[in-house]
*Asks:* 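Provided herewith is a single structure, encoded as structure tokens, for subsequent inquiry.
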2 protein chains.
Amino acid sequence: MNGLNPELMRGSLDLMVLSVLSDGSKYGYLIQQRLREASDELVDLKAGTLYPILHKLEKAKLVRSRWDETTGRKRKWYELTAAGKKQLGHRVAEWQRYVACLKQILGPLADAAPA
Amino acid sequence: MNGLNPELMRGSLDLMVLSVLSDGSKYGYLIQQRLREASDELVDLKAGTLYPILHKLEKAKLVRSRWDETTGRKRKWYELTAAGKKQLGHRVAEWQRYVACLKQILGPLADAAPA
DNA sequence: CGCAATAGATTGCCAGTCGATATATAGATT
DNA sequence: AATCTATATATCGACTGGCAATCTATTGCG
């Protein structure tokens, strides 16, 4: 996690992964890349972070996976379950409540934004 | 931390505390209350969370403290140092970059917001 | 007098991130 | 043929941080 304070990211990593999966199945490495692209290199999930998250989501039945060995390269494809899609909706709404909450706490500070 | 996913909050607790201190010195218990008010009860920092944060900020010279024993109740007042004010500016800017980043990752999901 | 609220602080548990490491294949370079 | 880089998945251990529980102590109310 390069570009931003890692502490800040912590709580939303699941959300990011679910979000990346919302427009179709992907395998781990691809999720990593997509996230890097979509965030302008700000989010660079390490393997040691990503795979535990995927396993956790799978255990919670929010995603399901299957191996693809038809191509030379072994890949494990992950896709959102119905519950996962529903959960994603909740998480997005929660995220927005969080942002609104912080905005209220920051008050006038939220306006001016010096580097 | 009642109203919202605690995991989500994790990274921004320091920022919240710094922010609450930006409009004047406060003692711990007061910070707790102000934060609860300012967030419409969504953020309720427990003592076991707040005091370690304050001590950490003090160690980092972002806040300074002094005891007030002139009133019956012993209170430890915390105030932002110059470095703390500067740091607050950085943290706010960083927060905004984070929010923008997430918005980009969420893409179309960020628009519709079902509960 | 007892109880709730105020006020500060510490300890120990648990969960989560990430660097390091392991394994293995594909394609490019030497 | 050998080496290197990128691809691809996975686990382990160290470290950090939040929070419930706990402790001490005071103020004010019924």
Side-chain angles (χ1 to χ4, degrees), chain A residues 1-18 20-21 25-37 42-60 63-78 91 98, chain B residues 1-18 20-21 25-37 42-60 63-79 98:
Chain A
M1 207 82 60
N2 279 332
L4 284 172
N5 186 345
E7 318 294 331
L8 218 46
M9 306 274 193
R10 287 187 159 217
S12 60
L13 299 180
D14 292 20
L15 173 59
M16 293 184 198
V17 172
L18 289 173
V20 165
L21 284 175
S25 304
K26 287 170 191 64
Y27 53 92
Y29 197 79
L30 190 54
I31 292 173
Q32 219 177 354
Q33 288 182 320
R34 283 274 198 275
L35 208 45
R36 216 181 302 129
E37 288 166 23
L42 285 178
V43 180
D44 183 19
L45 271 195
K46 306 303 175 191
T49 304
L50 176 61
Y51 291 107
I53 286 175
L54 286 170
H55 299 158
K56 194 184 68 177
L57 292 176
E58 192 170 14
K59 203 172 157 194
V63 305
R64 86 176 65 86
S65 71
R66 66 177 180 287
W67 284 98
D68 172 23
E69 316 197 22
T70 62
T71 51
R73 191 79 85 188
K74 276 190 188 180
R75 286 166 179 150
K76 199 172 182 179
W77 291 78
Y78 291 89
R91 298 299 226 80
Y98 176 43
Chain B
M1 207 81 61
N2 279 331
L4 284 173
N5 186 344
E7 318 293 331
L8 218 45
M9 306 274 195
R10 286 185 159 223
S12 60
L13 300 180
D14 292 21
L15 172 60
M16 293 184 197
V17 171
L18 288 173
V20 165
L21 285 175
S25 305
K26 289 169 191 64
Y27 53 92
Y29 197 79
L30 190 53
I31 293 172
Q32 217 177 356
Q33 287 182 319
R34 282 274 198 276
L35 209 43
R36 216 180 303 130
E37 287 166 24
L42 286 179
V43 180
D44 183 18
L45 272 195
K46 305 305 175 190
T49 302
L50 176 60
Y51 291 108
I53 287 176
L54 286 170
H55 300 157
K56 193 184 66 177
L57 293 176
E58 192 170 15
K59 203 173 160 195
V63 305
R64 87 175 66 84
S65 71
R66 65 178 181 288
W67 283 99
D68 171 24
E69 316 198 20
T70 62
T71 51
R73 189 81 80 188
K74 276 189 188 180
R75 286 167 178 150
K76 200 173 184 180
W77 291 77
Y78 291 90
E79 70 176 324
Y98 176 42

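Computed from a predicted structure; not experimentally measured. A note on names: the letters A, B, ... follow the listed sequences, proteins ahead of strands, and every chain is numbered from 1. All values below were derived from every heavy atom in this structure, side-chain atoms included, with hydrogens, water molecules and symmetry-related copies excluded.
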*Asks:* What integer distance in Å separates A:Lys59:NZ from D:dT11:C1'?
*Replies:*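 Atom-to-atom, A:Lys59 to D:dT11, this comes out as 15 Å.
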*Asks:* For a quick test of reading the model, state the closest non-hydrogen atom pair linking A:Leu18 to A:Leu57 and the distance between them.
*Replies:* CD2-CD1, 4.1 Å
*Asks:* How would you list, by chain and number, every residue that makes a side chain to side chain donor-acceptor pair (under 3.5 Å) with B:Lys26, sequence neighbours excluded?
*Replies:*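 In terms of side chain to side chain donor-acceptor pair (under 3.5 Å), with neighbours along the sequence ignored, B:Lys26 is linked to B:Asp23.
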*Asks:* How many Å lie between CZ on B:Arg10 and P on D:dC15, as a whole number?
*Replies:* 18 Å
*Asks:* Could you tell me if A:Tyr98 and B:Ser12 have a donor-acceptor pair between their side chains, going purely by distance under 3.5 Å?
*Replies:* yes
*Asks:* Separation of A:Leu45 atom CG from D:dA10 atom P, in whole Å?
*Replies:*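 Taking atom P of D:dA10 as the reference, CG of A:Leu45 is at 15 Å.
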*Asks:* Looking at C:dA15, which nucleotide sits across from it as a Watson-Crick or G-U wobble partner, both distances under 3.5 angstrom, or is there none?
*Replies:* D:dT16
*Asks:* Can you see which heavy atom on B:Lys74 is nearest to which on B:Trp67, and at what distance?
*Replies:*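 Shortest heavy-atom contact: CB-CZ3, 4.1 Å.
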*Asks:* Please encode protein proximity along nucleotides 4-10 of chain C as a string of B, S and -, counting only heavy-atom distances under 4.0 Å.
*Replies:* --BSBBB
*Asks:* Please report the distance, rounded to the nearest Å, between CG in B:Leu35 and C1' in D:dC19.
*Replies:*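 Result: 16 Å.
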*Asks:* Calculate the interatomic distance between A:Lys46 atom NZ and D:dA10 atom P; express it in whole Å.
*Replies:* 19 Å
*Asks:* In whole Å, I'd like the distance from the CD1 atom of A:Ile53 to the P atom of D:dA10.
*Replies:*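 Rounded to the whole Å, the gap is 14 Å.
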*Asks:* Answer yes or no: is there an ion pair linking B:Arg64 with B:Glu58, defined by an N-O contact shorter than 4.0 Å?
*Replies:* no
*Asks:* Roughly, in whole Å, what's the span from CZ in A:Arg66 to P in D:dA8?
*Replies:*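 Between P of D:dA8 and CZ of A:Arg66: 17 Å.
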*Asks:* Could you tell me how far apart B:Leu50 (CG) and D:dG18 (C1') are, to the nearest whole angstrom?
*Replies:*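 In whole Å, D:dG18 C1' and B:Leu50 CG are 12 Å from each other.
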*Asks:* Run the salt-bridge test on A:Arg75 and A:Asp68 with the 4.0 Å N-O cut-off and return the result as yes or no.
*Replies:*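 Looking at A:Asp68 together with A:Arg75, the answer is no, because their closest N to O distance does not fall below 4.0 Å.
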